[in-house]
Amino acid sequence: MPELPEVETIRRELERDVIGKRIKQTTVHGTRTVRRQTKKQFISRLEGAKITGVDRKGKYLLLQLDTGDVVIIHLRMSGQLLRLPNKEPAIKHTHVVVTFTQGGQLRFVDPRTFGEVFVVSGENLAEEAPELATLGVDPVEEPISWTDFARLMMANPMKLKAFLMDQNLIAGIGNIYSDEILFAAGLRYDRMTDTLSSQEIRRLYRALVETLHEAIKYGGSTLADEGYVDLNGRPGEFQEHHKVYARDRQPCRRCRRNQVTKAKFQGRSTYFCAVCQV
DNA sequence: CGATCTACCTGATGGC
DNA sequence: TGCCATCAGGTAGATC
């Protein structure tokens with residue numbers, strides 16, 4: 001579900017809310033969410049530790065602990081992190097509950113159980129979490145120059161949507177934001193990276209950075225099923241600013257005449273305006 | 001090599 | 001009302 005703007009929204013809330021908090025107790029339910037290590041190993045490395053920092057790389061959240069360990073969280077399609085009082089009854093699909101000594105809990109809720117939580121040693125992060133080591137540049141956390149962006153495109157000839165969504169090239173963009181970025185850039189999802197003029201590359205880069213920052217400003221996108229909510233259970237507002245995503249058969253917000261087209265690309269729904277995007 | 005599928009899951013929705 | 005098919009923010013791995 002969540003892409004970079006949603007994960008960044010949660011990261012900022014966590015940074016305000018859980019840094020300096022010490023973990024009193026951790027409980028794990030089921031076998032799917034904590035699957036890389038035993039529950040016992042996971043729990044023993046969390047209990048007693050204090051959270052000293054909250055980082056994000058692409059769609060991954062990293063909780064830094066004062067023990068040198070790092071808790072890595074990926075929400076995948078339906079994961080949620082919720083800050084709740086201890087007494088609040090557990091809702092369905094609550095898989096991990098962290099209770100702080102200062103009171104209050106951090107809960108990981110995930111109906112589809114694609115999401116994952118695991119703990120690694122900060123020193124051996126690259127070996128213990130290889131998927132993090134191969135992630136590409138995070139366009140919000142570590143902005144690159146548009147000339148480096150151009151080089152990255154030229155070195156990887158592929159369709160634009162595949163390029164934007166390849167986590168090992170650029171980390172954090174998924175199905176919603178790739179479509180919104182391409183609309184903002186006026187480019188079709190199936191154009192090849194190595195066919196763009198330098199003006200088009202600059203337009204794409206600018207659209208990428210601006211779309212992600214705007215989305216963060218509005219707290220991310222919450223679709224009809226309310227799959228994404230922030231740490232306090234509140235939905236985002238960027239969906240109100242979507243230009244194409246899930247707007248098929250509705251008039252394009254730019255040209256106001258053509259209907260937004262829905263297509264399939266790599267098995268995913270893809271939305272674009274055939275007039276405004278070339 | 002890329003493109004295309006499948007698997008991993010639950011739940012919402014729409015057609016009949 | 002039920003039943004079945006389809007679809008959903010992601011990613012890894014198999015297969016063609």
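Residue numbers start from 1 in every chain, and the chains themselves are labelled A, B, ... in the order their sequence lines are given, proteins ahead of strands. Reckoned from all heavy atoms, side chains included, excluding hydrogens, waters and symmetry mates.
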Rounded distance in Å - CG (A:D190) to P (B:dT4): 12 Å
Residue pairs involving residues 241-269 of chain A (criterion side-chain hydrogen bond (donor to acceptor under 3.5 Å, both in side chains); sequence neighbours excluded): A:S221-A:H242
Atom-to-atom span, NE2 of A:H29 to P of B:dC9 - whole angstrom: 19 Å
d(CG, A:D110; P, B:dT10) in whole Å: 11 Å
Nucleic acid footprint by protein, nucleotides 11-16 of chain C - heavy-atom cut-off 4.0 Å, B for base, S for sugar-phosphate alone: BS----
Enclosure of A:Q102 CD (heavy-atom neighbours >12, cutoff 6.0 Å): yes
Sugar-phosphate, base or nothing in reach of A:F238, heavy atoms under 4.0 Å: nothing
Pairs satisfying salt bridge (charged side-chain N to carboxylate O under 4.0 Å, His left out), at least one member in residues 100-112 of chain A, at least two apart: none
List the atom pairs, with distances to 0.1 Å, where a side-chain N or O of residues 31-53 of chain A and a protein N or O form a donor-acceptor pair under 3.5 Å, not counting sequence neighbours.
residue, atom, partner, partner atom, Å
A:R32, NE, A:T113, OG1, 2.9
A:R32, NH2, A:T113, O, 2.8
A:R32, NH2, A:T113, OG1, 3.4
A:R35, NH1, A:R32, O, 2.6
A:R35, NH1, A:G115, O, 3.1
A:R35, NH2, A:F114, O, 3.0
A:R36, NE, A:E116, OE2, 2.8
A:R36, NH1, A:E131, OE1, 3.3
A:R36, NH1, A:E131, OE2, 3.0
A:R36, NH2, A:E116, OE1, 3.1
A:R36, NH2, A:E116, OE2, 3.4
A:R36, NH2, A:E131, OE2, 2.5
A:Q37, OE1, A:V119, N, 2.7
A:Q37, NE2, A:V119, O, 3.1
A:T38, OG1, A:Q41, N, 3.0
A:T38, OG1, A:Q41, OE1, 3.4
A:K39, NZ, A:G30, O, 3.3
A:Q41, OE1, A:T38, N, 3.1
A:S44, OG, A:K40, O, 3.3
A:S44, OG, A:Q41, O, 3.1
A:R45, NE, A:D69, OD2, 3.0
A:R45, NH2, A:D69, OD1, 3.1
A:E47, OE2, A:T26, N, 2.9
A:T52, OG1, A:Q64, O, 3.3

Phosphate-side-chain proximity, A:S269 and C:dA8, N/O vs OP1/OP2 below 4.0 Å: yes
Touch class at under 4.0 angstrom, heavy-atom based, for A:S78 against every strand present: nothing
Flag side-chain contact, heavy atom, 4.5 Å: A:L182 against A:Q277: yes
Set of side-chain hydrogen bond (donor to acceptor under 3.5 Å, both in side chains) partners for A:T147, sequence neighbours left out: A:S145
Whole-Å P distance, C:dA5 and B:dA7: 16 Å
DNA chain B: 5'-proximal contact among A:A224 and A:M158 (nearest heavy atom): A:M158
Qualifying side-chain hydrogen bond (donor to acceptor under 3.5 Å, both in side chains) pairs with a residue from residues 181-196 of chain A, counting only residues at least two apart or across chains: A:R188-A:D190, A:R191-A:T195, A:R191-A:E200
Separation of B:dG2 P from A:L169 CG (nearest whole Å): 10 Å
Integer angstrom distance from the P of B:dC9 to that of C:dG13: 15 Å
Pairing annotation in dot-bracket form, given for DNA chain B with Watson-Crick or G-U pairs under 3.5 Å and | for cross-strand partners: .|||||||.|||||||
Whether A:F114 stacks on the six-membered ring of B:dC9 base, 5.5 Å and 30° limits: no
Members of residues 149-157 of chain A that approach DNA chain C, where some heavy atom sits under 4.0 Å away: none
Pair A:K21, A:T101: side-chain N/O donor-acceptor within cut-off below 3.5 Å: no
Proximal nucleotide (of C:dG10, B:dG11, C:dA8) relative to the A:N175 side chain: C:dG10
Whole angstrom value for the distance that separates C1' of B:dA3 from CG of A:D166: 14 Å
Non-neighbouring partners of A:E210 that pass salt bridge (charged side-chain N to carboxylate O under 4.0 Å, His left out), sequence neighbours left out: A:R206
Sugar-phosphate only, base, or nothing, as touched by A:K264 at under 4.0 Å among non-hydrogen atoms: sugar-phosphate
Over all atoms of both residues, closest heavy-atom pair of A:R83 and A:V18: NE-CG1, 3.8 Å
Distance test, side-chain N/O of A:H93 to OP1/OP2 of B:dG11, below 4.0 Å: yes
A:K159: salt bridge (charged side-chain N to carboxylate O under 4.0 Å, His left out) partners, not counting sequence neighbours: none
Listed partners of A:A133 passing side chain to side chain contact (heavy atoms under 4.5 Å, CB included), at least two apart: A:A126
Salt bridge (charged side-chain N to carboxylate O under 4.0 Å, His left out) against A:D148, all qualifying residues, sequence neighbours excluded: A:R151
Distance, rounded to the nearest Å, where A:Q80 contributes CD and B:dG11 contributes P: 13 Å
Side-chain N,O (A:R112) to OP1/OP2 (C:dA8) below 4.0 Å: no
Residue mapping more 5' on DNA chain B - nearest nucleotide basis, A:K159 or A:K92: A:K159
Rounded interatomic separation in angstrom, taking CG from A:L75 and P from B:dC8: 22 Å
Interatomic distance, A:R32 CZ vs B:dT10 C1' [rounded to whole Å]: 11 Å
